[in-house]
Each structure stands twice: as structure tokens, then as C-alpha cells.
Amino acid sequence: MGLRDYLSIARRHWWIFLVSLGFALAVAVVINVRTPPVYASAVTFFFTNPSTLSADLYPASMFSQGRLNSYAAVLTSDRITVPLAGTPGLRLTAQEIAERITVETVPNTVMLRVAVEDRSPARAQLLATALVPRFQAVISALESTNEKGQPVVRVEVVAGPRLEDDPVAPRPLNNLAMAAMVGLVVGAALVVAREVTDSAVRTVDTLQTLVSAPVLARVPVDARAPTGTGPFISDNDSPRAEALRQLRANLQYADGDRPVQVIAVTSAVEKEGRSATACSLGLLFAEAGRRVLVVDAELRRPRLAAFLGRENAAGLSTILSGGASVDQALQPWGAGLWLLSAGHSPPNPSELLSSPRMAEVIEELRGRFDIIIVDCPPLLAVTDGAIIAARSDGALLVVRSRKTKNAQVTTAARALRAVDARVLGCVLNMVPAKSGDVFPQFERYAGGSAAVSGEAPGNAPAATRRARFWHRSWAPCPRAVG
């Protein structure tokens, strides 16, 4: 993966970074608000050896540096804290005093920096002031004197005790910066975990690899298309309409040696936009001047009659059971387009679809129509879709972007090849409009064309735009199709 791929992943999961960062900053704000301020009084000690000989200065300095850690430990020992606990006004135990003293050695020197922290600034200053003479007395008592009666080490105060103006805790800016860093790191970890565990199909390359068949079109989501009842017709200037035109063109020239007449439109699972794709594809072929029949082979859950606003009383199941003829079941929808609905749901749909009568019906319809589009059930749910695909000239596998799993697509492709069905290609459906470069380019091109004609894109009423795209579909059509 390159930098562009990582940026694409980050852009796709921006909300995870935002939530993680917001949560971390909220925690930091709570900590800043709820943490009582702590003040510090600092004092710096300098250790020297009172030797008068210049030759003894360097050994004395090395001696003092070597004992700095010991002096730091003395500052929190009982020799210091127990007497300080009796200081008037402190009201602290020896353990509490030791917890408030922080010692830091200054590198490459013989100095100790001591900070006394407390929620009360007055008590911090009082404790630091009382600490200085006590520490000097303890060091003088611990270090033996030399031959001249002088102490080996002398403790001098070079700075302080001085109370800091601002509290040392909490530090709002530091906490917010730390929270922002932690939030981004946690967000990145969540995004990586989501990418690793997410097996949904997202790209054309992934889909083409899983099915070992070309991806004939990427169909974007059209927010302007109807969502309640059909037909699901997109505007003439929408990226979805152009993507469906691309699908129509690719199907027409899929294989010159083996022309496609009967197309089985199926999917791995339900709710992938299979029926809407079949309807739109039929309308597009009819607009191109072809005699098109849309067949609803979903005998268990028929939908096309409701999509196209036609009756479902008599249909494919009625023909297969001998209750009606083909002429009686066909319903014209518009110029060049007919519908063969599913009819009433039979108790044995798989047996009817695999019967010799189904093969006879398909052969009869071949002689009447240029293109026959069959809406099939999902392959992973029932075997009906594979049965129809085997009797068609080719199958079109519809896959919903970011929803259908890789394993589901692989299983569906395996089911088609198990019945020796010809896979024409795939359709990556319901692709987010901003997930690629093709859709914005089409919108800019279409927008430029509209501007030249004097009409801004999208200003025309939706009914007018659809009427331009589907003007052929509303012309009256005779019932006779033979």
C-alpha cells in the first residue's frame, strides 16, 4: 500500500479519528477542571568541600558528585521528615511530607534541586523554608569532620526557597496536547483494526479478483432517485444514469462471438440493488430501440410488478404451472419494454424453474424479444438463481459496495461456476458518490454541457429531467408481441 492508499483509508474513516480525538480531549478537559491546583516551592542546594588546598579541589568535587544520590535520599528520610512534622502550621505526617518532596540532581554539577509541592501555596512555602536548615544540620551531622575540625561537606543554598507563580499541576496545555496525541494514536489503531477485520468489497480490483470476471460498471448511489416505490429512475444528468449506460454498452459488446440475449441478474445476498438494476437496465435497452422483456424469476419474493406499477396476478409461475399462456401473462410497460411478473408464489419454485417447461418458455421468449433480463433470487439463499443463470446466455453479478463480504462474493461466484453458468461480469452497486474520481468528472462534464446550453445543471424540475431521459418509455404499446 502506498501513501495514497493510507490517505484514502484515513479519509474514509475520518469520523473514527474525530470521535477518538474528541473523547480524548474531553477526558483532558475533565481532568483539568476536576484536578485541584498544586503549587510548588523550589530550593537549590550546592555542596562543597571546605578544603583550602587547590590539589584537593578536584577529588573533593568528585566526592560530592558521587554522594549526591545519597543526599537526595536523605531529603525524604525520617531524619528530615519526622522533625518537620512537628513544625507549627504544617499539620502533616512524616509520610505526607516525604510524598510532597521531589528531588532532582543537576547533571555534571554538585547541586540538588528540591521542589516541595502542596495544594496550599502557603504551606508549600512554609515546608520549603523549614526544610533548608533541617537538611543543612543533618548533612553536617552525618559527614565527619577533618583534622581541622571542619565538616567534610558543606551545604549552601544558591536559590530559593521560591514559590512558583503558576500551579505545577494540572497543566492544561500539556494535558490537551497529550490527549490529542493519544486520541490520534488510538484513532489510528481503531482504523487499522477496522480495516483488518472489515471484509466488505470496496474496490473494483478486489471484486474482479474475487469473481475472476470483469467489473462492467460502478453504479453510484443516487440520492435523488425515488426510494419508496419504483420505477427507480435516475435523472438524465446523474452519474448513476451514466454508469448504467456504461453497463448497457459493456453488455452489448461483452463477446462478439457469443451474443447475449438472455441475461440473468443475480446477487450473493439480498438488498444489493439487484431488482432496481434489472429494471433500469431494461429501460435503457428499450430506450436504445431494442425489444426488451424484464422477467421476475423471484418466485418467493416477487418485486418487479410493484416496482413497475403492474399486476402480479398472473406471471411466470402461472405459465409454468399451466394456468396461463405467455401472451396472457405479458404486460406492456412502455415503448419497447414488457414485463413478465412472477405471479403467485408457488410451493415448489425450484422445481418449476428447473422444469422442461421453463426451458420451453425461454426459447419461446427468445423469438419474440431482442433482450430478456431475468431478475433472479440471491445465490446464497436458494438455488433458484443458479438454475436460471445456467439457462441464460450469461449472468450479471450485482455486488453492493461496502456491504457484501468477500466470502459471500466468492461463494456466489463458485455457485455460478458449479452449474457451468457464463459470468458476463460484475456490477459494483451503491458506490458512494465521493469514493472515486469518475463520478466527479462526469458531473463537471455534464455541468459544462448544461451551462453551454443556457441551463444550469440541476435547475430543471426532476420530472422534466426524467421525461427527457425516458421519453420513449411512456408511449402506448400494443399487447401483441409476436
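Values reported hereafter were calculated over all heavy atoms of this structure, with side chains retained and with hydrogens, waters and symmetry mates removed.
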Checking Glu99 side chain against Glu96 main chain: does a donor-acceptor pair fall under 3.5 Å? no
Mutual orientation of the aromatic rings belonging to Phe47 and Tyr71 [parallel < 30°, tilted 30-60°, perpendicular > 60°]: parallel
So, taking the atom named CZ in Arg417 and the one named CZ in Arg414, what distance separates them when rounded to the nearest 0.5 Å? 10.0 Å
Taking all atoms of both residues into account, what is the closest heavy-atom pair of Leu397 and Ala412, and its distance? CD1-CB, 4.3 Å
Does a side chain donor of either Ser275 or Glu298 reach within less than 3.5 Å of an acceptor in the other side chain? no
Tell me whether Asn406 contacts the main-chain N or O of Ser199 through its side chain, where contact means a donor paired with an acceptor under 3.5 Å. yes
With a 3.5 Å distance limit and no angle check, can you tell me whether Arg274 reaches the backbone of Cys376 through a side-chain donor-acceptor pair? yes
Is the backbone N or O of Asn32 less than 3.5 Å from a side-chain atom of Thr35, with the two atoms forming a donor-acceptor pair by type? no
Pairs touching residues 118-129 that satisfy salt bridge (charged side-chain N to carboxylate O under 4.0 Å, His left out), sequence neighbours left out: Arg100-Asp118, Asp118-Arg123
Would you find a donor on one side and an acceptor on the other, under 3.5 Å apart, between the side chain of Ser20 and the backbone of Gly187? yes
Donor-acceptor contact present, side-chain Ser267 to main-chain Glu270, <3.5 Å: no
For residues Pro88 and Leu126, report the shortest heavy-atom separation together with the two atoms involved. O-CD2, 3.7 Å
Run the ring pair (Phe, Tyr, Trp, His ring centres under 6.0 Å) test against Phe285 and tell me which residues pass, sequence neighbours left out. none
Cut-off 3.5 Å, side chains only: do Thr203 and Thr206 have a donor facing an acceptor? yes
